[in-house]
There are 2 protein chains.
Amino acid sequence: MSLESVPPKYAQLVQALQRRIESGTYQPGSLLPSEHQLIAEFGVSRPTVVAALRVLREQGWIESQQGKGRFVRGRPAMAAVESNRRGQAYLTSPETDSPGELVEAGAVALPNRVATLLDTQPKSRAFLRRRLVTRDGEPTELVSLWLPLELSEGTDLTSGEPLPQGIREHLKARKGVRFDHIVEQITARMPTAGEAKQLGMPKNVPLLAVFGAVRDASGRPLVVVEVLLPADRHELEDAYPVT
Amino acid sequence: MSLESVPPKYAQLVQALQRRIESGTYQPGSLLPSEHQLIAEFGVSRPTVVAALRVLREQGWIESQQGKGRFVRGRPAMAAVESNRRGQAYLTSPETDSPGELVEAGAVALPNRVATLLDTQPKSRAFLRRRLVTRDGEPTELVSLWLPLELSEGTDLTSGEPLPQGIREHLKARKGVRFDHIVEQITARMPTAGEAKQLGMPKNVPLLAVFGAVRDASGRPLVVVEVLLPADRHELEDAYPVT
DNA sequence: ACCCGACAGGTTGTTTTACCAAGTTTGAGC
DNA sequence: GCTCAAACTTGGTAAAACAACCTGTCGGGT
């Protein structure tokens with residue numbers, strides 16, 4: 001009676017083949033053993049082998065060609081690029097993890113762009129929570145969070161205290177909403193006098209403005225995050241496959 | 001004798017179920033018919049049904065719960081957001097599709113950032129091809145393409161003529177290289193005097209600079225694309241799932 | 001009357017055996 | 001040298017069985 005559940009056979013096969021590719025046993029460009037050979041070596045049936053190879057192909061480790069065989073591509077290089085999405089971190093990790101100070105928390109009239117992203121009438125009101133994040137004691141990013149009023153009620157976001165929990169978990173626990181994906185808009189503009197002062201940046205350096213509209217699986221907007229970054233100190237990096 | 005190859009049954013099932021979800025026959029949140037019911041209705045075997053449902057789950061249309069059934073999530077909202085990646089279009093569609101003029105084509109010393117992205121020594125030389133893209137007769141974007149010299153030899157990129165073919169196809173046909181993914185860096189800065197003049201923009205408006213390092217499957221950099229956008233006229237949009 | 005556990009019948013997840021189709025390579029035979 | 005069939009490869013379909021999980025119902029016990 002094993003309390004630990006063993007992974008299914010096809011998943012074990014996936015891991016075994018990944019290890020062999022990473023260790024160089026299977027060189028990139030070479031031909032992988034055929035289905036029949038893998039069946040003989042691992043003692044499993046053909047559908048099991050096929051299931052494992054399908055996973056590897058979908059993850060980009062190998063590619064297959066009908067009639068010829070399956071070729072090793074190597075460890076997918078995309079996985080090595082850590083996607084550095086600014087909005088993500090502030091939604092999942094607790095505010096107490098990133099030092100900073102709360103500069104605003106209360107109901108405000110929505111800017112046009114945020115109203116559009118939230119799918120509400122312009123000038124309607126929503127809850128705004130804005131933090132100035134510091135790194136090494138210096139202010140570096142201005143992070144704003146807009147929530148519809150009905151979503152902010154009954155949460156700890158309206159308090160002036162830093163959240164000891166990720167915003168994503170907090171909203172799921174209190175309001176039952178589930179984040180699914182983010183639509184991101186990136187623009188650049190000159191800082192206002194107030195922003196330049198808060199961020200301690202020269203007035204002739206542009207700001208990178210990242211707007212992230214967080215939506216549920218049906219596409220309904222839940223929250224909008226805005227991250228303002230002085231462009232001389234930050235840049236955004238990301239990776240994606242060529243279609 | 002059908003010359004057209006019919007799609008496999010599981011793919012037909014995928015399409016049929018997608019249509020029903022989109023048309024509202026299967027409402028989001030509701031329970032999908034069980035495997036047994038789908039087998040009876042479509043007259044296929046269980047592995048075929050399971051294969052179709054696996055595709056739908058991986059694409060985000062449904063989610064499954066062992067012991068209960070499969071629930072409709074709806075058309076994945078991510079698919080509705082057209083990913084608007086600036087670098088992509090210039091790599092795949094022919095230059096003759098986007099009006100503009102070639103402003104530079106020849107070997108130059110690499111800027112530091114591009115040399116880093118191409119994984120070469122700083123100040124080494126590479127081929128630069130720069131185009132000023134116009135929309136509605138107005139200049140809007142400055143697109144630069146850097147290639148290692150050995151990759152530009154024997155291609156039509158060194159000529160002053162617009163390519164009647166996508167760069168991706170051209171390089172694959174002539175040099176046998178295959179684009180796999182792009183590592184993208186986004187920054188903002190003030191335009192130089194020359195850039196402001198070429199783009200016909202005010203000097204106090206920042207530029208969005210998008211650097212895209214195109215790599216093959218092993219992560220080796222092939223080409224670097226730079227797109228310069230006046231920030232008052234363009235913004236970048238993208239969507240990605242919450243992990 | 002109420003509670004709780006056993007059990008039956010539903011669901012999806014995993015594995016096996018079997019067969020046919022389609023693409024590629026090889027080599028035997030002409 | 002050429003043709004073509006055989007033998008390899010992966011892709012797809014069918015039928016069956018077992019395991020794991022959920023949800024009722026039907027008991028028996030308190």
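Computed from a predicted model, the values in this text were never measured in an experiment. So you know, we letter chains A, B, ... as the sequences are listed, proteins then strands, and number each from 1.
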- Task: Can you measure from CZ (A:Arg113) to CD (B:Glu235) and round to the nearest 0.5 angstrom?
- Result: 4.0 Å
- Query: How long is the gap from CG on A:Leu222 to CD1 on A:Ile167, to the nearest 0.5 Å?
  - Reply: 12.5 Å
- Message: Return the CG to CD distance between B:Leu53 and B:Glu58, rounded to the nearest 0.5 Å.
- Response: 11.5 Å
- In terms of heavy-atom contacts, B:Arg130 and B:Glu226 come closest through NH2-OE1, 4.2 Å
- Task: Give the first and the last nucleotide of DNA chain D, reading 5' to 3', that has any atom under 4.0 Å from a heavy atom of chain B.
- Result: D:dG12 to D:dT23
- Taking 4.0 angstrom as the limit, do A:Arg70 and A:Glu35 come out as a salt bridge? yes
- Could you write nucleotides 4-15 of chain C as a row of B, S and -, 5' to 3', where a protein heavy atom under 4.0 Å of any base atom gives B, of only sugar-phosphate atoms gives S, and otherwise -? ------BBBBBS
- Shortest non-hydrogen contact from B:Thr158 toward B:Phe127: CA-CZ, 3.4 Å
- A:Arg178 atom CZ, over 12 foreign heavy atoms within 6.0 Å: no
